[in-house]
Amino acid sequence: MAGNALTDRFSRPLHDLRISVMDRCNFRCPYCMPEATYHEHFRFLEPKERLSFDEIERVARVAVSLGVRKLRLTGGEPLLRPKLPDLIARLASIPGVEDVALTTNGVLLERHVRELKAAGLNRVTVSLDSLDPAVFARMSGGRAQLELVLEAIDSAAQAGFSGGVKLNTVIQRGLNDSGVEALAERFRRSGVVLRFIEYMDVGTRNHWERAEVVPSRELLERLDARWPLEPVDAHYRGEVAQRYRYCDGGGEVGFISSVTAPFCGDCSRARLSSEGQIYTCLFASEGTDLRTLLRSDEDDTALRALLAGVWRQRTDRYSEERAASADAPARRRIEMNYIGG
């Protein structure tokens with residue numbers, strides 16, 4: 001890093017911006033948006049409350065001037081946002097942007113995959129928690145058919161995104177942990193990279209219990225016993241997944257271990273919510289309002305100063321603090337559907 005690079009109080013650079021374009025989702029995953037809370041009468045944001053594409057692009061341009069090189073569109077479910085490929089094309093054209101990615105549950109992906117790629121999308125990540133239709137239904141809130149998601153994954157893999165296709169699988173003990181080997185077998189040699197994520201205490205509505213966490217080390221040992229694995233070096237500082245490849249050439253698998261092996265020390269990600277709050281941690285209690293400034297007469301100099309000031313003051317290290325003190329009191333946290341994963 002250059003000597004004048006923007007860093008926080010722990011010398012972590014600002015490198016990634018995750019942009020939530022939609023607070024709504026067509027799933028009701030119990031660990032993110034349980035049906036009991038997000039029911040048919042729940043008040044989501046009105047369109048005018050969400051940032052416009054012009055506003056999102058403006059924030060992204062300023063963030064890039066501060067060191068951001070990677071942009072990821074999230075939700076809720078980002079493909080519920082109308083004309084999303086138009087936004088992707090605008091973001092991909094910003095000088096200095098090296099990577100534009102999308103995280104989706106996959107239900108709407110197949111119908112948009114060609115226009116997403118044509119717009120300049122580099123990478124796609126699909127959330128897929130099980131290959132068992134009953135378990136899949138339970139973990140998605142009964143909102144989709146497994147086959148639709150699998151077909152979308154195949155279509156995305158065939159589309160030839162330059163950064164490839166990844167799958168994120170949240171493993172919860174007693175719910176979907178028995179299907180780990182089936183997932184690995186299904187996607188070995190497919191070119192799709194499977195990543196297992198430890199069940200996290202994101203938000204406040206999933207009734208998280210540490211006993212339900214399956215440590216990545218346990219999953220690694222299980223897979224290695226069947227298909228020997230060897231570690232792979234990280235692509236860059238701050239990469240969240242510990243990467244392994246199958247020794248027989250079957251591809252790659254990753255583990256995201258924010259509970260048992262926190263990686264706060266290298267975290268370089270900021271998150272922009274769909275209503276214009278900037279957060280410096282997935283587990284943050286509060287953000288900083290950008291929408292008011294964006295809808296005022298202030299210019300980009302003021303926006304740049306605000307963003308830079310927020311990052312310079314950043315001290316977030318929630319996962320490390322949780323790991324250091326199992327008895328730490330619970331605190332209010334922003335819900336994941338507002339800022340993505």
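Numbers for residues simply follow the sequence, beginning at 1.
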(message) How long is the straight-line distance from CG of D8 back to OG1 of T315, given to the nearest 0.5 Å?
(response) 8.0 Å

(request) Kindly indicate whether the side chain of V107, heavy atoms from C-beta on, has any atom under 4.5 Å from the side chain of L79. (result) no

(request) Using atom types as modelled and distance alone, determine if a side-chain donor or acceptor of R50 lies under 3.5 Å from a backbone N or O of L45. (result) yes

(request) State, with a plain yes or no, whether a side-chain heavy atom of T104 is found less than 4.5 Å away from one of L73. (result) no

(request) Report, as yes or no, whether the 6.0 Å neighbourhood of atom CZ on R295 holds more than 12 heavy atoms from other residues, nucleotides or ligands. (result) yes

(request) Please answer whether the main-chain N or O of N105 pairs with a side-chain N or O of E77 as donor and acceptor at a distance below 3.5 Å. (result) yes

(request) Answer yes or no: is there an ion pair linking D300 with R304, defined by an N-O contact shorter than 4.0 Å? (result) no

(message) If the condition is side chain to side chain contact (heavy atoms under 4.5 Å, CB included), which residues does Q277 pass it with, not counting sequence neighbours?
(response) S273, E275, Y279, D289

(request) State the CZ-CG distance between R69 and D99, to the nearest 0.5 angstrom. (result) 12.5 Å

(request) Sorted by first residue and then second, give each side chain to side chain donor-acceptor pair (under 3.5 Å) pair with at least one member in residues 223-233; sequence neighbours left out. (result) E185-R226, E230-R245

(request) For V59 and L294, work out which heavy atoms get closest and say how close. (result) CG2-CD1, 3.7 Å

(message) Check this for me: R217, atom CZ, are more than 12 non-hydrogen atoms of other residues, nucleotides or ligands nearer than 6.0 Å?
(response) no

(request) Keeping the roles fixed (side chain from N122, backbone from V100), state whether a donor-acceptor pair exists under 3.5 Å. (result) yes

(message) Testing the 3.5 Å rule here: is there a donor-acceptor pair between the side chains of T260 and E198?
(response) yes

(message) Between D132 and R186, does any NZ, NE, NH1 or NH2 come within less than 4.0 Å of an OD or OE carboxylate oxygen?
(response) no

(message) Is there a side-chain contact between F196 and L220 in this structure, where contact means two heavy atoms from C-beta onward sitting under 4.5 Å apart?
(response) no

(message) Please determine whether side-chain contact (heavy atoms from CB on, under 4.5 Å) holds for the pair L51 and L290, giving the CA-CA distance in whole Å, both sets of side-chain angles, and the decisive distance to 0.1 Å.
(response) CA-CA 10 Å; L51 294 188; L290 302 186; 6.0 Å; no

(request) Check the surroundings of atom CD in Q145: do more than 12 heavy atoms from other residues, nucleotides or ligands lie under 6.0 Å from it? (result) no

(message) If only side-chain N and O atoms count, and only distance matters, is there a donor-acceptor pair under 3.5 Å linking T280 with D316?
(response) yes

(message) For the backbone of G174 and the side chain of D177, can you confirm whether one donor and one acceptor N or O come within less than 3.5 Å of each other?
(response) yes

(message) Could you check whether any side-chain heavy atom of L128 comes within less than 4.5 Å of a side-chain heavy atom of F187, counting everything from C-beta outward?
(response) yes

(message) Looking at R138, I'd like to know if its CZ atom is crowded, meaning that more than 12 non-hydrogen atoms belonging to other residues, nucleotides or ligands lie closer than 6.0 Å.
(response) no

(request) Kindly indicate whether the side chain of L167, heavy atoms from C-beta on, has any atom under 4.5 Å from the side chain of L183. (result) no

(request) Output yes when D16 and R72 qualify as a salt bridge under the 4.0 Å nitrogen-oxygen rule, no when they do not. (result) no

(message) Return the NZ to CG distance between K70 and L17, rounded to the nearest 0.5 Å.
(response) 12.5 Å

(request) Kindly determine whether I171 and Y199 satisfy side-chain contact (heavy atoms from CB on, under 4.5 Å), including the steps that lead there. (result) CA-CA 6 Å; I171 298 297; Y199 177 47; over 6 Å; no

(message) Pair L84, H112 - check side-chain contact (heavy atoms from CB on, under 4.5 Å), show working.
(response) CA-CA 9 Å; L84 188 65; H112 296 296; over 6 Å; no

(request) Side-chain contact test, heavy atoms from C-beta onward, threshold under 4.5 Å: evaluate it for D129 versus V135 and give yes or no. (result) no

(message) Is there a side-chain contact between V180 and V214 in this structure, where contact means two heavy atoms from C-beta onward sitting under 4.5 Å apart?
(response) no

(request) Look only at the side chain of D299 and the backbone of A302, and say whether a donor-acceptor pair between them is shorter than 3.5 Å. (result) yes

(message) Regarding R291 and E55, does a basic nitrogen lie under 4.0 Å from an acidic carboxylate oxygen?
(response) no

(request) Spell out, as yes or no, whether a donor-acceptor pair under 3.5 Å connects the side chain of R90 to the backbone of I56. (result) no

(message) Would you say that R210 contacts V259 through its side chain, given a criterion of any heavy-atom pair below 4.5 Å between the two side chains?
(response) yes

(request) Measure the spacing between CG of L80 and CE of M22 and express it to the nearest 0.5 Å. (result) 5.5 Å

(message) I'd like to know if D248 and R188 make a salt bridge, using a cut-off of under 4.0 Å between side-chain N and carboxylate O.
(response) yes

(request) Would you confirm whether N176, through its side chain, and S130, through its main-chain N or O, come within 3.5 Å as a donor-acceptor pair? (result) no

(message) Quick one: does any side-chain atom of W311 pair with a main-chain N or O of R12 as donor and acceptor, under 3.5 Å?
(response) yes

(request) Kindly write out the residues that satisfy ring-ring contact (aromatic ring centres under 6.0 Å, His included) with Y244, not counting sequence neighbours, or none if the list is empty. (result) F255

